[in-house]
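Worksheet: the structure to be examined is printed underneath.
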Protein chains: 2
Amino acid sequence: MDMSGALLVVDDDVDVVRAARLALSLRHEKIDALNDIGTIELQVAATNYDAILLDMNFAAQRRDGSQGMDALSRILATDPDVSVILMTAFGSVNVAVEALKRGAVDFILKPWANDKLEASVAAAVDSTRRRRAAAGNLDIETLEKKAIEAALARAKGNLSVAATSLGLSRPALYRRLSKYGLLP
Amino acid sequence: MDMSGALLVVDDDVDVVRAARLALSLRHEKIDALNDIGTIELQVAATNYDAILLDMNFAAQRRDGSQGMDALSRILATDPDVSVILMTAFGSVNVAVEALKRGAVDFILKPWANDKLEASVAAAVDSTRRRRAAAGNLDIETLEKKAIEAALARAKGNLSVAATSLGLSRPALYRRLSKYGLLP
DNA sequence: CATCGGGTGTCCGATTACGGACGGTAGATG
DNA sequence: CATCTACCGTCCGTAATCGGACACCCGATG
């Protein structure tokens with residue numbers, strides 16, 4: 001499985017950016033860096049990143065992670081399908097939980113173990129790709145087929161119940177079962 | 001907004017169950033308890049709970065949370081729409097992150113603050129209800145309307161692009177826009 | 001046993017949906 | 001200016017879909 005992706009590392013500490021490149025460049029060809037969250041929306045809108053590594057603090061005295069949380073929201077508003085991994089040296093259980101509840105896909109404490117970072121990024125890239133594929137899979141027939149499969153599963157194979165929940169008559173459902181190759 | 005829900009507290013410590021009832025019974029009429037995860041699937045299959053509070057350790061020497069993680073998976077396999085809040089006295093950032101990545105909606109450290117527990121449960125009940133409502137909203141027209149709205153948003157109002165991504169001809173899309181009241 | 005309720009599979013006259021084609025607009029380009 | 005490209009809104013001959021109705025089956029019940 002090819003997990004090479006386009007990554008963005010957002011951190012004002014150049015050593016962190018360097019360490020991340022070192023850990024990830026063997027496997028990922030494109031690793032952009034951004035040291036200031038002020039233009040994060042522009043950057044994210046301009047490139048379909050596969051994963052974003054986002055630090056949580058961007059001012060010397062800040063440790064509460066609120067800047068990273070804010071940036072997370074802005075990133076996801078700009079590109080709802082991208083996976084964001086938050087990074088911090090000052091993590092607590094509460095901050096970690098809050099980050100994930102707000103949509104981060106993972107949370108990495110600094111200093112990280114390289115194999116852990118690699119695994120997290122690989123999973124994030126995979127996640128993003130699945131999300132993009134699903135979002136691109138919008139044709140009416142695919143959605144209809146999936147809905148019918150879901151309704152059948154929920155109705156435990158009862159065709160009458162499934163037809164009702166789908167808002168279809170039974171003959172209409174039979175036609176679709178035949179059309180989509182779902183007949184037993 | 002009525003947030004009274006059917007709750008299940010899964011913990012082998014009767015003091016925890018008692019404390020949870022005390023904190024939550026003013027607002028929630030049904031609070032079941034289960035002290036052993038062995039029959040968790042049966043319990044969850046028998047009742048449409050709105051939220052489940054799940055301890056992470058069920059044996060005296062166990063602190064790693066693996067029993068709770070296992071139970072979480074089993075609960076979600078049985079009822080994919082229910083919100084599960086994990087609880088433990090031995091939480092770490094890694095355990096918390098792993099819990100949320102596996103599908104828990106929140107993570108509470110013991111001993112908890114009652115207002116925090118209440119808020120978490122209220123959000124979980126709301127979440128579960130939204131999930132159930134969405135799962136029950138399976139009629140073909142609703143799904144089709146939503147798909148069209150999503151495609152229009154992605155295509156930034158470009159009808160030709162939206163029609164193509166939906167697998168429809170432009171006249172077919174126009175008919176649906178008219179049918180669903182989506183014409184500008 | 002007969003009856004009821006719930007479900008299955010199919011048919012056919014009526015209705016609706018389909019998409020290629022037409023005519024038009026707007027912006028970019030030489 | 002003329003041309004091209006991309007998009008918009010609509011039409012109409014053809015094709016497909018619609019759902020009430022029919023016949024049947026199965027399990028539960030009196």
Side-chain angles (χ1 to χ4, degrees), chain A residues 6 41-49 77-82 131-184, chain B residues 6 41-49 77-82 131-184:
Chain A
E41 286 103 328
L42 284 180
Q43 188 83 7
V44 168
T47 305
N48 265 13
Y49 290 109
T78 306
D79 181 355
D81 298 325
V82 75
R131 230 173 275 125
R132 294 209 204 278
N137 216 343
L138 276 177
D139 75 281
I140 294 286
E141 288 196 357
T142 300
L143 296 175
E144 188 174 61
K145 184 183 177 186
K146 282 182 184 172
I148 288 166
E149 285 170 329
L152 284 177
R154 277 191 171 258
K156 298 185 172 68
N158 183 325
L159 297 182
S160 296
V161 171
T164 300
S165 72
L166 290 163
L168 298 173
S169 65
R170 282 194 300 105
L173 177 58
Y174 277 108
R175 276 191 291 273
R176 287 163 171 75
L177 292 176
S178 178
K179 176 183 176 183
Y180 298 130
L182 300 174
L183 276 173
Chain B
E41 287 103 330
L42 283 182
Q43 187 85 8
V44 169
T47 305
N48 264 12
Y49 289 108
T78 305
D79 181 355
D81 297 325
V82 75
R131 229 172 274 127
R132 295 209 202 276
N137 215 343
L138 275 178
D139 74 283
I140 294 285
E141 289 197 353
T142 301
L143 296 176
E144 188 175 61
K145 184 182 177 184
K146 282 184 185 169
I148 288 167
E149 285 170 327
L152 284 177
R154 277 190 169 256
K156 298 184 172 73
N158 183 324
L159 298 182
S160 295
V161 171
T164 300
S165 73
L166 291 162
L168 299 171
S169 66
R170 281 195 301 108
L173 177 58
Y174 277 107
R175 275 191 292 275
R176 285 163 174 75
L177 293 175
S178 178
K179 177 183 176 185
Y180 300 129
L182 299 174
L183 276 174

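Throughout, a chain's letter reflects where its sequence line sits, starting with A, and its residues are numbered from 1.
When each of B:Ala172 and A:Ser160 is assigned the nucleotide of DNA chain C with its nearest heavy atom, A:Ser160 is the one assigned upstream, toward the 5' end.
In summary, of the residues considered (A:Leu182, A:Thr164, A:Leu166), a side chain to side chain contact (heavy atoms under 4.5 Å, CB included) with A:Leu173 occurs for A:Leu166 alone.
What separates NZ of B:Lys179 from P of C:dC18 is a distance of 9 Å, to the nearest Å. Rounded to whole Å, atom P of D:dG19 lies 12 Å from atom CD1 of B:Ile140. Residue A:Arg175 contributes atom CZ, which lies 16 Å from atom P of C:dT8 at whole-angstrom precision. D:dC8 atom P lies 14 Å from atom CG of B:Leu168, rounded to whole Å. Atom pair B:Leu173:CG and C:dC18:P shows a separation of 11 Å (rounding to whole Å applied). Between the CD atom of B:Glu144 and the P atom of D:dT17 there is a distance of 14 Å, rounded to whole Å. Atom OH of B:Tyr174 and atom C1' of C:dC18 are 16 Å apart (whole Å). Remark: P of C:dC18 and CG of B:Leu166 are 12 Å apart, rounded to the nearest angstrom.
Between the side chains of B:Glu144 and B:Tyr180, a donor-acceptor pair is found at a separation under 3.5 Å.
Within the structure, every side-chain polar atom (N or O) of A:Asn158 is placed at least 4.0 Å from both OP1 and OP2 of C:dG6. Taking only side-chain nitrogens and oxygens, B:Arg176 comes nearer than 4.0 Å to OP1 or OP2 of C:dC18.
Between B:Asp79 and B:Arg131 there is no salt bridge, since no side-chain nitrogen of the basic residue lies less than 4.0 Å from a carboxylate oxygen of the acidic one.
One finds the CG atom of A:Asp81 at 8.5 Å from the CG atom of A:Asn48 (value rounded to the nearest 0.5 Å).
Among the nucleotides D:dG19, D:dC8, D:dC11, the one closest to any side-chain atom of B:Leu159 is D:dC8.
Counting distance only, with no hydrogens placed and no angle test, the side-chain atoms of A:Arg170 and the base atoms of C:dG9 include a donor-acceptor pair under 3.5 Å.
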